[in-house]
Amino acid sequence: MKAASATNKVVLYWHRTDLRLHDSPALHAALALNPSVFIPVWTWDPHYVYRSRVGPNRWRFLLECQSDLSKAYTKLNAKQRLWVVREAPQTVLPKLWKRWGVTHLVFEKDTDAYARARDEAVVQLAEEAGVEVIVKMGRTLFDPDALVSKNGGKPTMSMSQVEKAAGKIDRGFPQKPVETPGSIPDPWDEKRMDLAGAEHEGPEAEPDLNAVHRTAADQQYTQIMGPKDDFGVPTLDEIGIEASKATSPHRGGETEALKLLDGHIKNEEYIGRFEKPNTSPAAFEPQSTTLLSPHLHFGSLSVRKFWWDVQDVMNKRKKENKPNALIPTNLPGQLLFRDMYFAAQAAVGEPFSRTYGNHVVRFIDWHLQSKPPSTDAEDAENEKPYEVDSPEAEEWFIRWREGRTGFPWIDALMRQLKQEGWIHHLGRHSVACFLTRGGCYVSWERGAEVFEELLIDHEPACNVGNWMWLSCTAFFAQFYRCYSPVAFGKKWDPQGELIRRYCPELAQFDKKYIYEPWKAPIADQKKWGCRVTGDGKPSSSDDGPTYPKPMFDFDERRQVCLDGMKNAYDVGLHGNDPQVLDGSWKSLFEGEEENPKKRQKTEKI
DNA sequence: CCCTGTGTTGGAATC
DNA sequence: CGATTCCAACACAGG
């Protein structure tokens with residue numbers, strides 16, 4: 001169209017972790033090339049579709065981000081949209097740059113283990129095809145690889161290390177946001193954009209980790225440009241998921257993200273006083289934190305814009321605040337925390353997401369341990385990926401996952417997680433501690449998988465990092481600090497409002513019993529319309545609503561877990577020790593009575 | 001070597 | 001009520 005600005009550059013912009021137009025260094029660099037043809041694409045990657053655990057709420061959030069971005073493009077240029085192609089990037093991108101005469105490929109850097117392998121493959125293919133590649137960082141405050149290198153090449157395992165490393169990069173200040181584009185060049189004309197007749201490689205759909213969510217035919221990959229041949233953003237229908245299954249009130253998209261951020265920034269008291277440990281995990285209308293984490297995950301909000309907008313408010317208020325002192329619990333500190341997990345993951349690579357082969361994680365003799373990673377796809381499909389060493393522990397795990405442990409604080413949070421795809425950070429602490437070192441003694445990897453499926457803000461590095469933290473296997477070690485499923489909730493929510501909301505069968509219980517309904521006299525249980533009995537499985541009996549009895553005596557379990565942790569710390573294995581890799585660790589945990597420290601402990605009791 | 005202080009966010013008892 | 005202390009005791013950095 002604008003012949004005057006023509007440079008004969010055909011730029012393919014590959015959206016992945018950056019579903020936004022504002023403050024995108026990669027997009028900024030792409031447009032700075034002054035392209036005569038500009039094509040923003042999303043490749044519908046089977047790896048995310050079938051090999052990552054994604055529940056209905058996160059699917060919808062992603063689709064909303066894509067739709068919103070597509071509309072934003074169209075608003076700037078009626079010929080533009082987000083061009084969604086239904087094929088793996090490794091196979092489809094070479095077709096696209098051949099077909100569209102692409103001269104430049106531009107994308108945002110991603111240090112996730114799978115993303116690195118994928119991007120390396122794509123970059124190599126691009127180089128072979130003579131396509132110039134430009135990669136820009138923009139997903140975190142600092143480049144994770146730079147943080148690692150300033151940390152002596154080692155994974156960042158504490159905030160002081162991150163602070164020190166960040167101090168060596170731009171004196172600890174993230175880069176300022178770049179401007180939002182005011183115009184977008186044209187794509188090719190309709191005829192040249194059309195991929196009709198292009199060879200289309202269907203994906204390897206098995207194993208499908210998300211099969212459990214699909215109730216209709218999976219039509220994601222029927223045609224390269226989508227079922228309507230229009231490069232459209234997929235619908236939940238096409239994924240095979242009923243729209244009614246996405247029940248979260250939290251919605252995706254850059255428009256929504258900027259609106260949310262703006263609302264918070266206007267509340268200068270809130271921004272200035274924010275201290276994570278002082279925000280209530282029980283608040284639900286409205287929540288006590290910003291709800292911006294899912295937007296950071298999908299890149300519908302720039303973390304640097306978030307950081308600087310907050311910083312501006314704090315600078316304005318700065319009176320007694322010491323300048324530039326890191327406070328891990330305030331909002332900038334929270335955002336830097338995210339960088340710590342990204343950098344730790346960037347240094348460790350693939351094993352960071354599990355115990356096996358991961359040198360930073362402590363080995364504990366958990367129940368339901370992961371089996372060693374299998375390369376045989378059929379194996380993974382037919383068997384559980386973990387050892388069922390204790391049917392009782394598996395029952396506890398299932399009851400935890402389904403929100404029927406009999407501890408209302410835990411069950412309310414787990415049900416909120418399933419319905420809304422989000423719970424407060426301290427709620428996550430509470431349920432994670434309960435599943436691992438503070439109750440069930442089940443492997444943190446089981447819990448991380450459930451969070452991966454259900455959280456709309458699931459970020460691989462942050463999720464496993466936090467699970468290691470809470471299970472006292474990395475980052476944190478004070479395992480005698482244990483969350484009580486009764487006392488912790490009560491401290492924040494003495495009336496039990498969160499429980500009444502998410503476990504409505506208990507709504508009428510007096511606050512005296514709301515956290516421990518099993519202690520309520522039978523007469524009161526009848527009066528309040530809910531009997532405390534059974535295991536919470538849906539029953540066919542017609543005796544009215546019930547709530548399960550607690551699945552174990554918490555104080556008793558807490559002591560068992562403490563003893564177990566103490567013993568496992570004494571044994572002192574890590575995820576990459578030979579005994580862990582070859583399975584011989586079991587012998588080190590046998591005959592625990594012979595461990596002198598352990599014997600002393602049990603004799604005391 | 002020891003000792004001390006710190007580490008994003010525990011609980012219960014006490015003042 | 002909010003703040004302080006103890007509980008029993010981890011890892012790590014720094015003097």
Side-chain angles (χ1 to χ4, degrees), chain A residues 141 151-152 154-167 273-283 287-290 293 310 325-344 359-364 407 409-410 413 423-434 436-439 462 465-494 515-516 554-555 557-559 561-574 597-598 600-605:
Chain A
L141 295 174
N151 192 45
K154 290 191 173 132
T156 45
M157 300 306 290
S158 72
M159 276 303 277
S160 46
Q161 287 174 4
V162 176
E163 190 185 7
K164 235 182 255 175
R273 291 183 184 282
F274 188 98
E275 289 266 348
K276 185 63 125 326
N278 296 337
T279 60
S280 170
Q287 284 87 355
S288 59
T289 51
T290 66
S293 51
V310 165
L326 176 78
I327 303 168
T329 48
N330 68 11
L331 278 169
Q334 295 288 297
L335 295 177
L336 191 62
F337 229 94
R338 182 171 167 271
D339 271 40
M340 176 180 77
Y341 288 130
F342 271 88
H359 76 277
V360 301
V361 75
R362 221 170 242 291
F363 182 85
I364 310 286
F407 294 93
W409 171 249
I410 301 295
L413 287 165
I423 52 178
H424 186 277
H425 189 70
L426 294 181
R428 301 181 197 194
H429 277 210
S430 221
V431 299
C433 181
F434 184 86
T436 58
R437 66 182 169 86
C462 298
N466 277 320
W467 274 95
M468 287 186 259
W469 184 297
L470 262 298
S471 61
C472 288
T473 51
F475 300 100
F476 183 73
Q478 286 160 268
F479 52 74
Y480 46 90
R481 291 197 175 171
C482 181
Y483 288 84
S484 151
V486 173
F488 186 72
K490 234 182 220 176
K491 187 170 80 183
W492 290 102
D493 180 13
Y515 283 88
E516 301 167 285
F554 175 73
D555 290 332
R557 286 300 306 170
R558 182 177 185 271
Q559 196 55 55
C561 288
L562 264 172
D563 292 346
M565 292 299 288
K566 180 95 186 71
N567 184 57
Y569 265 61
D570 286 344
V571 172
L573 290 176
H574 286 78
K597 287 191 183 175
K598 169 84 183 177
Q600 211 178 16
K601 186 103 195 172
T602 36
E603 272 169 7
K604 261 192 223 168
I605 295 159

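Each chain gets a letter, A, B and so on, in the order its sequence line appears, and its residues count up from 1.
Remark: the A:His425 side chain and the A:Thr289 side chain contain no N/O donor-acceptor pair separated by less than 3.5 Å. Using a 3.5 Å distance cut-off with no hydrogens or angles, the side chains of A:Gln559 and A:Asp563 do pair a donor with an acceptor. There is a side-chain donor-acceptor pair under 3.5 Å between A:Thr329 and A:Glu275.
Atom name C1', nucleotides C:dA9 and B:dG7: the rounded distance is 14 Å, in whole Å. Separating the C1' atom of B:dC1 from that of C:dG15 is a span of 12 Å, rounded to the nearest Å. Taking atom C1' in both B:dT9 and C:dA13, one finds a spacing of 22 Å when rounded to whole Å. Spacing of P atoms, B:dG11 relative to C:dA11, comes out at 22 Å, to the nearest Å. Distance check on atom P: C:dG2 versus B:dT8 gives 26 Å, rounded to whole Å.
Remark: A:Lys566 is in phosphate contact with C:dC10, judged by side-chain N or O atoms under 4.0 Å from OP1 or OP2.
The OH atom of A:Tyr480 sits 15 Å away from the P atom of C:dC6 (whole-angstrom rounding). If you take NZ of A:Lys490 and P of B:dA12, they are 9 Å apart, rounded to a whole angstrom. The interatomic distance linking A:Asp339 (CG) with B:dT8 (C1') rounds to 15 Å, in whole Å. The separation between A:Gln161 atom CD and C:dC12 atom C1' is 9 Å, rounded to whole Å. A straight line from CG of A:Asp570 to C1' of C:dA9 spans 12 Å, rounded to a whole angstrom. If you take NZ of A:Lys491 and P of C:dG2, they are 12 Å apart, rounded to a whole angstrom. Rounded to whole Å, atom C1' of B:dG7 lies 17 Å from atom NZ of A:Lys276. At whole-Å resolution of the value, CZ in A:Arg338 and C1' in B:dT8 are 17 Å apart.
Across all strands shown, C:dA9 forms no Watson-Crick or G-U wobble pair with both key distances under 3.5 Å. The base-pairing partner of C:dG2, taking Watson-Crick or G-U wobble contacts with both distances under 3.5 Å, is B:dC15. Here B:dT9 sits opposite no nucleotide as a Watson-Crick or G-U wobble pair (both hydrogen-bonding atom distances under 3.5 Å).
Side-chain atoms of A:Asn330 and A:Gln334, non-hydrogen and from C-beta on, never get closer than 4.5 Å to each other.
Closest to the side chain of A:His429, from the set B:dT9, B:dG11, C:dC10, is B:dT9. Of the listed nucleotides (B:dT8, C:dG14, C:dC10), C:dG14 has the atom at the smallest distance from the side chain of A:Lys164. Comparing B:dG11, C:dC10, B:dT9 by their nearest atom to the side chain of A:Phe488 picks out B:dG11.
Between A:Tyr515 and A:Trp409, the ring-plane angle classifies as tilted under the 30° and 60° cut-offs. Ring geometry, A:Phe476 versus A:Trp469: the interplanar angle falls under 30°, so the pair is classed parallel (tilted spans 30 to 60°).
You'll find a donor-acceptor pair under 3.5 Å spanning the side chain of A:Gln478 and the base of B:dG7, going by distance alone. On a pure distance criterion of 3.5 Å, a polar donor-acceptor pair joins the side chain of A:Gln334 and the base of B:dT8.
Across all strands shown, A:Trp469 has heavy atoms under 4.0 Å from base atoms, whether or not it also approaches the sugar-phosphate. Contacts of A:Arg362 with the nucleic acid, taken as non-hydrogen atoms under 4.0 Å apart, involve only primed sugar atoms and P, OP1 or OP2.
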